[in-house]
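Model, not experiment: these values are computed from the prediction. Keep in mind that the numbers below use all heavy atoms, side chains included, and drop hydrogens, waters and symmetry copies.
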Amino acid sequence: MATENTPKILTVDDKPKNLDALRVLLKQVDARVIEASSGEQALKLCLEHHFALVLLDVDMPEMDGYEVAAMIRGYEQTQDMPIIFITAAFSDERHHLKAYDSGAVDYIVKPVQNKILLAKVRIFLELYTNRQKIERLNHELEKKVEQRTEELQESNEQLENSLNELKNYREDLEVLVAKRTRELEDSQLELIEAKKQAEFANQAKSYFLANMSHEIRSPLNSIVGFTQILIKKMKGSSEELMQPLKHIEMSGNALSELINNILDLSKIEAGKVEVVPETLNFKLLFQGIFHINKANALQRGLKFNYELDPNIPDLIYIDRTKLNQILMNLTTNAIKFTPEGKKVTILAKVETGQLLMQVIDEGIGISPDNQKHIFKPFEQGDQKIARRFGGTGLGLSLVKQLTTLMEGSIEIASDLGKGTVFTVRLPLVAADLERSAVEETDWETIRFTSHNKILAVDDELPNQQMLTSLFRELQLDLEIVDNGADAVARAQKLAADGFPPHVILMDISMPGMSGIEATQKIRQIPSIHDIPIIAISAEAFQEQQQTAFRAGVSDYLTKPLDIAKLVRILVKYLECERPDDIQSDKNKDALPNDVKRQMEAELRTLATIPHFMTSKISSQIQNMHRLCASYESIFPQVLHDIEKAVFNRNAEKVKNLIEKVLADQHERD
């Protein structure tokens, strides 16, 4: 039964049958469902109620979902309501981007998978409920502090009056001062206690977030892991079979990203945002930023181009996520504020040992007065322009904070009516090429030698089954135990028999002996103390990872497991051979017709991949090499020529080579 404190969900759709379906589905959650059949009615209800979540249709008459979302974001009392779009009309990437630009937290294309939608709804209801609890605690704390402050003020006033009176009674001064001092000390103790209670509430919030992350990541690990394995196994299958698997993988990654965002919010509140550098192909990222925004720029009638200094190292060491946020925010802003027919340019170059990036537009410009405030939160310069173009006013503030965090700087130069130039300077560190070569390698092309042995520890059966399937694909000898004590005993027994494991995969949170304790014990046993231990855990907080490293783990991966990252870590500790090193048979059979048809289909797929997606092209070519490696055909030489053309960035030659070989095959048929 719904009560006053029951969370409310608003469903918006102009079709009664869709509202009926959502009403039936949402009976499975503890929430009051309120329905609206138009955007205007939805806005009215949002001003009358505080909703924990809005499920919003896109394609509606009079006012579509994007307009409704933008208006919800425009009111102070409704701007924080999370919005999930549900649509059967638009599934392309442009509408996805438009949805997120209008303020949505998710975009679901019908037919809806009920379990996934319910999981997302429950997460937002749980976040809403806990946020309400925290707000109540904060309100009570503020009242208590206010009360204590008033008491202190009253005590101080009494003390001041007493001192004025004691001018004529000096002999009683020490007694009265001591009395007032004791009263102040008592009040101070009460304030200290109030502070402790506030700290306890903050710890409770952190505990909740860590626990929620662990409980969601553990089952998500099996979902994402099995999906990646199935995608690998079914490569070359029809799109009808592959598409659902890709949707599952994307949904799993989206849920994982949602969890990461929740944890990041907690870190921001606590002032614990960290820079996490990694090896990055900067040119690919920069070109990716350009191509992602190109469609929007062309749609708005803009001239959009980029300039890339060839002196920038191919691989640099930097925080990928924060760099991407900086460039994306500045580029989308430039496109948003530039009129039709004008130009936007993004460029990157090396200057005085730094990475210099500029976003240059011929837009409306920013006045000198507004330039002083543009990097402050919720500032958008001219309010008339802000209302016209929309936005939260947080983008440039975030860019400023991220740039400072990365020990860089940002500058602005702008003239009203002429345009704006944002200049970002960041430290430039070239990456370790040997290490980068491993990180850039497609995990499916790596082959390990047969004598490697892995010992895995995980107490959950689905995760054990997923690891078994994965290592069967990798053709590695895997043994699994389900607790920390057995892991220590088994590793010691294998070493005593002369076959110690080459790597141990260690879960952290387990009943009985935890992964931390098991790692510490292994590090104290001489016969096995130097075995590499890779933690695979649902505990994603930085403090938890640091505890694991202090205990002796060699590497740390979070669930859901990214198989590519795991394989690239295994390369550091296991003997392996690459496909290029495998000797082909001298006497090969002719290429069968079914393999030939599959190779032709793979070539057509290769022709559709954009030339800037080098890693995807490389992966596709490696798959094709494996298909034809055992047979006599012209394809290996053709693939070699295509690889060379890709390396030389000659997209036209790649296209011509593919067209020629397909035409030749057609003539032979």
Nearest heavy-atom neighbours spanning [X] and [Y]:
X	Y	value
Ile522	Met506	CD1-CE, 4.1 Å
Ala495	Ile528	CB-CG2, 3.5 Å
Lys283	Ile312	CE-O, 3.3 Å
Ala535	Val553	CB-CG1, 4.1 Å
Gly484	Val457	N-CG1, 4.3 Å
Leu280	Leu285	CD1-CD1, 3.8 Å

Spatial distance of atom [atom1] ([X]) from atom [atom2] ([Y]) [nearest 0.5 Å]:
X	Y	atom1	atom2	value
Leu557	Gln545	CG	CD	9.0 Å
Leu405	Lys400	CG	NZ	12.5 Å
Met406	Gln401	CE	CD	14.0 Å
Ile326	Met357	CD1	CE	6.0 Å
Tyr128	Glu135	OH	CD	8.0 Å
Ile508	Asp458	CD1	CG	10.5 Å

Heavy-atom side-chain contact between [X] and [Y] under 4.5 Å:
X	Y	value
Leu402	Val399	no
Tyr556	Ile569	no
Phe282	Ile318	no
His529	Gln524	no
Asp507	Ile536	no
Ile108	Gln113	no
Lys322	Thr403	no
Val350	Leu355	no

Is a side-chain N or O of [X] found less than 3.5 angstrom from the main chain of [Y], in a donor-acceptor match?
X	Y	answer
Thr519	Gly552	no
Asp101	Leu97	no
Asp309	Ala348	no
Glu407	Pro427	no
Asn293	Ile289	yes
His502	Lys453	yes
Glu517	Ser514	yes
Thr331	Met328	no

Are more than 12 heavy atoms, taken from residues, nucleotides or ligands other than Tyr100, located less than 6.0 Å from that residue's OH atom?
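Yes, the 6.0 Å shell around OH holds more than 12 heavy atoms from other groups.
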
Counting heavy atoms not belonging to Gln475, are there more than 12 under 6.0 Å from its CD?
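No, because the 6.0 Å sphere around CD of Gln475 holds 12 heavy atoms or fewer from other groups.
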
Output, in order, the C-alpha distance, side-chain angles, deciding distance and verdict of side chain to side chain contact (heavy atoms under 4.5 Å, CB included) for Val503 and Ile534.
CA-CA 7 Å; Val503 167; Ile534 303 171; 3.7 Å; yes

Begin from the C-alpha positions of Tyr107 and Val109 and carry the test side chain to side chain contact (heavy atoms under 4.5 Å, CB included) through to its verdict.
CA-CA 7 Å; Tyr107 191 95; Val109 179; 3.9 Å; yes

Where do Ile346 and Gln358 land on the side chain to side chain contact (heavy atoms under 4.5 Å, CB included) test, with the steps shown first?
CA-CA 6 Å; Ile346 59 174; Gln358 288 185 317; over 6 Å; no

Derivation and outcome, side chain to side chain contact (heavy atoms under 4.5 Å, CB included), residues Arg425 and Ile410:
CA-CA 6 Å; Arg425 290 180 173 85; Ile410 182 168; over 6 Å; no

Given Ile454, which of Asp477, Ile504, Leu467, Leu478 fulfils the side chain to side chain contact (heavy atoms under 4.5 Å, CB included) condition?
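Only one option passes, and that is Leu478.
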
Geometric class of the Phe286/Tyr306 ring pair [parallel <30°, tilted 30-60°, perpendicular >60°]
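Perpendicular, since the angle between the ring planes exceeds 60°.
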
